Amino acid sequence: MTVRRVGEVVRTAQRLAVVRVPTDTEEPPSVGSRVVDETLDDVGQVVDVFGPVERPYVAVTPDDGVALPPLVGAPLYSR
């Protein structure tokens, strides 16, 4: 399994985690990609990619039981 850094959760909005994709990333994960935290625990799924092409944001809908507030500031990864 390949794990790629998605970026850091910058805020939560409307039951979504908003992740800022780093500038050194070739391309953001695609919609439907599974997202995990640093310990490889499932966090949720990418539901949208938006913002400027040079440095987009990714919206992640959390899995049941995943608390969003503790994720702010945390790095997330895609599988």
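Keep in mind it's a predicted model, so treat the numbers as computed, not measured.
Residue Val35 is grouped with residue Val49 when hydrophobic side chains (ILVMFWY) are merged at heavy-atom distances under 4.5 angstrom, including chains of intermediate members. Taking hydrophobic clusters as Ile, Leu, Val, Met, Phe, Trp and Tyr residues chained together by side-chain heavy-atom distances below 4.5 Å, Val21 does not share a cluster with Val18. When hydrophobic clusters are built by joining Ile, Leu, Val, Met, Phe, Trp and Tyr residues whose side-chain heavy atoms come closer than 4.5 Å, directly or via intermediates, Phe50 is grouped together with Val10. In the hydrophobic clustering of ILVMFWY residues, with side-chain heavy atoms under 4.5 Å counting as a link, Val46 and Tyr57 come out apart.
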Residue pair Arg34, Gln45: steps toward the side-chain contact (heavy atoms from CB on, under 4.5 Å) verdict: CA-CA 5 Å; Arg34 296 295 304 161; Gln45 182 173 334; 3.7 Å; yes
Please evaluate residues Asp48 and Val58 with respect to the criterion side-chain contact (heavy atoms from CB on, under 4.5 Å), reporting the C-alpha separation (whole Å), side-chain torsions for both, the decisive distance (0.1 Å), and the verdict. CA-CA 6 Å; Asp48 195 13; Val58 173; over 6 Å; no
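In this structure, the separation between CZ on Arg79 and OG on Ser33 is 12.0 Å, given to the nearest 0.5 Å. Distance OG1/Thr39 to OH/Tyr77: 10.5 Å, rounded to 0.5 Å. Rounding to the nearest 0.5 Å gives a distance of 8.0 Å between OG1 of Thr61 and CG of Leu68. Put simply, CG on Asp37 and CG on Leu71 are 7.5 Å apart, with the number rounded to the nearest 0.5 Å.
In this structure, Leu16 belongs to a hydrophobic cluster whose other members, linked by side-chain heavy atoms under 4.5 Å apart, are Val47.
Electrostatic pairing of Arg5 and Asp24 does not count as a salt bridge here, judged by no charged N lying under 4.0 Å from a carboxylate O.
Heavy-atom contacts from other residues, nucleotides or ligands closer than 6.0 Å to CZ of Arg11 number 12 or fewer.
Each of Pro22, Pro75, Pro29, Pro28 was evaluated against Val6; a single residue qualifies, Pro29, per the side-chain contact (heavy atoms from CB on, under 4.5 Å) test.
Listed for the Asp63 side chain is no donor-acceptor partner under 3.5 Å among the backbone atoms of Val66.
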